Novice: 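Here you go, one structure.
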Amino acid sequence: MKNDLYVPEISYVETPRVACDGASDQHPALGHPRVYLQIDETGFVECGYCDKRFVLKGGAADEGVTHG
């Protein structure tokens, strides 16, 4: 599947505490200050800088997709 520049990246994680610095596979040198985020009962959290969404595996927002 081709990445759409207008759809934020989604990362499936195993811990409710995550860090985001905005770096990506396409542009590892670009980013923003590192921020630490806490996933709440919704099962996900979005970065305020880059809109990357972190979804807790097995949480409320996890749609049962096979994670690689």
Side-chain angles (χ1 to χ4, degrees):
M1 182 170 142
K2 188 175 181 180
N3 287 340
D4 185 342
L5 296 177
Y6 300 106
V7 176
E9 181 179 357
I10 298 174
S11 180
Y12 293 90
V13 297
E14 296 182 359
T15 61
R17 186 87 169 147
V18 295
C20 185
D21 60 9
S24 67
D25 293 337
Q26 291 84 15
H27 303 288
L30 301 177
H32 57 69
R34 179 172 291 164
V35 293
Y36 294 89
L37 308 163
Q38 183 72 34
I39 298 173
D40 62 15
E41 65 276 351
T42 62
F44 73 94
V45 67
E46 292 178 345
C47 176
Y49 283 99
C50 66
D51 294 330
K52 181 175 181 177
R53 179 177 281 206
F54 295 90
V55 176
L56 184 63
K57 291 180 182 178
D62 188 357
E63 298 174 351
V65 178
T66 303
H67 310 291

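Quick note: numbers below take in every heavy atom, side chains included, and nothing from hydrogens, waters or symmetry partners. Keep in mind the model is a prediction, meaning the values are calculated, not measured.
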Novice: Considering residues at least two apart in sequence or located in another chain, which fulfil the side chain to side chain donor-acceptor pair (under 3.5 Å) criterion with T42?
Specialist: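 Result, side chain to side chain donor-acceptor pair (under 3.5 Å) vs T42: D40.
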
Novice: Give every residue pair that meets the salt bridge (Lys or Arg N to Asp or Glu O under 4.0 Å) criterion with at least one member in residues 42-54, sequence neighbours excluded.
Specialist: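 For residues 42-54, and leaving out neighbouring residues, the salt bridge (Lys or Arg N to Asp or Glu O under 4.0 Å) pairs sorted by first residue read E9-K52, E46-R53.
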
Novice: Looking only at heavy atoms, what is the nearest atom pair of H32 and C50, with distance?
Specialist: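 Closest approach of H32 to C50, heavy atoms only: NE2-SG, 3.6 Å.
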
Novice: Give me the other members of the hydrophobic cluster that V13 sits in, counting Ile, Leu, Val, Met, Phe, Trp and Tyr linked by side-chain heavy atoms under 4.5 Å, directly or via other members.
Specialist: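 Via sub-4.5 Å side-chain contacts, V13 links to V18, V35, L37, I39, V45, Y49, F54, L56.
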
Novice: Looking at R34, I want to see if its CZ is surrounded by more than 12 non-hydrogen atoms of other residues, nucleotides or ligands under 6.0 Å.
Specialist: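 No, because the 6.0 Å sphere around CZ of R34 holds 12 heavy atoms or fewer from other groups.
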
Novice: Can you list the residues that meet the salt bridge (charged side-chain N to carboxylate O under 4.0 Å, His left out) rule with E14, with sequence neighbours excluded?
Specialist: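 Salt bridge (charged side-chain N to carboxylate O under 4.0 Å, His left out) check on E14 returns K57.
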
